[in-house]
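Here the structure comes first, spelled out in structure tokens, and everything after it is commentary.
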Amino acid sequence: MTISRKVKEDLSNASWVRRMFEEGEELKERYGEENVFDFSLGNPDLEPPPSLKKALKSLADHPITGMHRYMPNSGYSETRKMLAEYLTEESGLPFEQKHVVMAVGAAGGLNVAFKAILDEGDEVIVPSPYFVEYKFYAENCGGQIRLVETNDDFSLNLAEIEKAIGEKTKIVLVNSPNNPTGVAYDKKSIEDLGELLKRKSRDLKKTIYLITDEAYRRIVYDQIQLPNAFNYYPHTLRVTSHSKDLSLPGERIGYIAVSPLCEEIDEMISALVFATRVLGFVNAPALMQRLIAPLQRNSVNIKHYEEKRDLFYRALKEFGYDVVKPQGAFYLFPKAPIEDDVAFVRELQSKRILTVPGRGFGRKGYFRIAYCVERKMIEGSFPGFKEVAEKYGMVRK
Ligand SMILES: Cc1ncc(COP(=O)(O)O)c(C=O)c1O
């Protein structure tokens, strides 16, 4: 065999999300698509806003000379300028276009940020449960993730983060609203995290970077206001995309924003631009850069997800499931009634319900439901969820 040993090893631990999705495809072939309740993948069911489609058509009808050519690795300056204006409005900080580097989705942005910051053996601290691709992204750049547990309600456990920070720590990476739990970190925890990182950076005489993965930043419910990490820690990089808020995951468009207060900022930006080039992205997709720039204050209809959250959460609680009410993203992460989350997920599968075992996100004994699907699929799954709950004696009297 000629492929890399490391890749071979990674392949043998294939992602649970993908595994369940593929098993779901088999079930769909056997029982018909409408008879399978597929909550395995976080693939938004909404179409992008009509304004985006209109802009796309207008660009096709009135092309701009050179719009398909190479560009600066950081992206179009007009797009970055518009993003900088938006970030200034949101944070009150003096963002300029140079502080924004366009990325090939949040995944591309995280790889670029890791490549720019990590040296061999450096650690990225990640609260768990977590988006497991982080492990591979860090390893792509010679780094390693170090997991720290969150509290029972999946809020940040700062004592655990503090314990984990050491000589090898280069980055603390937080994802809010979170995949897989849907939990959004409150102002106090981000403020305290900022203080902790200032203190630890001082004690260790080096800069620890805070990377915030905010792919779901605009998908929040109950009118909560998300804190802005830029306001609490100077060495912050936000990585985000329009995969979820504008329903464009296949178009691969996102960006990295570096706090204007970050020290040695020019060097950091040069490193991000270099990483974009040499990781082979070269630049983020040209057409999408033009289209998303004016849409910073738009998103898909978030109410649509909020209604589904309410519907699903209420039903699960009524059936007796133990689940934290999410405040964002489009995931629920209930506790399985038995320790073996894989066995429980198989039980749901026997009712043609596809979910993902919690161990796929670093937390055994739980399972993830992605509810970015049609309402009728959610409602259709309720009898199955109820039967399984009854089997395990979970149903409330
Ligand atoms: C937490 C989190 N980060 C990053 C990504 C990657 O997003 P993108 O498709 O924009 O690369 C995802 C995708 O599901 C995600 O859930």
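One-based numbering, in listed order, for ligands and for the atoms of each.
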| query | Cut-off 3.5 Å, side chains only: do Asp186 and Ser189 have a donor facing an acceptor? | reply | yes
task = Flag Tyr331 as yes when one of its N or O atoms lies below 3.5 Å from any N or O atom of ligand 1, and as no otherwise.
result = no
* N/O separation below 3.5 Å, Ala107 to ligand 1 -> yes
#### Entry: Pairing of Glu149 and Lys163 as salt bridge, 4.0 angstrom limit
no
One finds that the ligand 1 atoms under 4.0 Å from a non-hydrogen atom of Asp213 are 1 (C), 2 (C), 3 (N), 4 (C)
Numbered in order shown, the ligand 1 atoms found under 4.0 Å of a heavy atom of Ser241 are 10 (O)
Ligand 1 to Ser243, heavy atom cutoff 4.0 Å, flagged ligand atoms 8 (P), 9 (O), 10 (O)
So the atoms of ligand 1 within less than 4.0 Å of a heavy atom of Asn175 turn out to be 1 (C)
re atom 12 (C) of ligand 1, the protein heavy-atom contact at minimum distance is Phe131 CZ, 3.5 Å
For Arg363 and Thr150, does a side-chain donor sit closer than 3.5 Å to a side-chain acceptor?
yes
> Do any heavy atoms of Glu133 fall under 4.0 Å from ligand 1?
Replying inline: no
For Arg252, the atoms of ligand 1 under 4.0 Å from one of its heavy atoms are 8 (P), 9 (O), 11 (O)
One finds that the ligand 1 atoms under 4.0 Å from a non-hydrogen atom of Asn179 are 1 (C), 15 (C), 16 (O)
message: We want to know whether Arg217 and Thr240 form a side-chain donor-acceptor pair, criterion being a heavy-atom distance below 3.5 angstrom.
response: no
Looking at ligand 1, does any of its N/O atoms fall within less than 3.5 Å of an N/O of Ala106? yes
Output yes when a side-chain donor or acceptor of Tyr130 lies under 3.5 Å from a complementary backbone atom of Val174, and no otherwise.
-> no
N/O separation below 3.5 Å, Lys244 to ligand 1 = yes
- prompt: Does the N or O separation between Tyr216 and ligand 1 drop below 3.5 Å for any pair?
  reply: yes
What one should report as the nearest heavy-atom pair of Gln289 and Ile253 is CG-CD1, 3.8 Å
When Phe330, Phe312, Tyr331 are each screened for ring pair (Phe, Tyr, Trp, His ring centres under 6.0 Å) with Phe39, the one that passes is Phe312
Between the CG atom in Leu316 and the CZ atom in Phe382, the distance rounded to the nearest 0.5 Å is 7.0 Å
Looking only at side-chain N and O atoms, does Ser201 offer a donor or acceptor that is under 3.5 Å from a partner on Tyr233? yes
Ligand 1 atoms nearer than 4.0 angstrom to some heavy atom of Gly105 are 10 (O), 11 (O)
Yes or no: does His242 have any heavy atom under 4.0 Å from an atom of ligand 1? no
Would you mind checking if Glu390 and Lys386 are paired as a salt bridge, meaning a charged N to carboxylate O distance below 4.0 Å?
yes
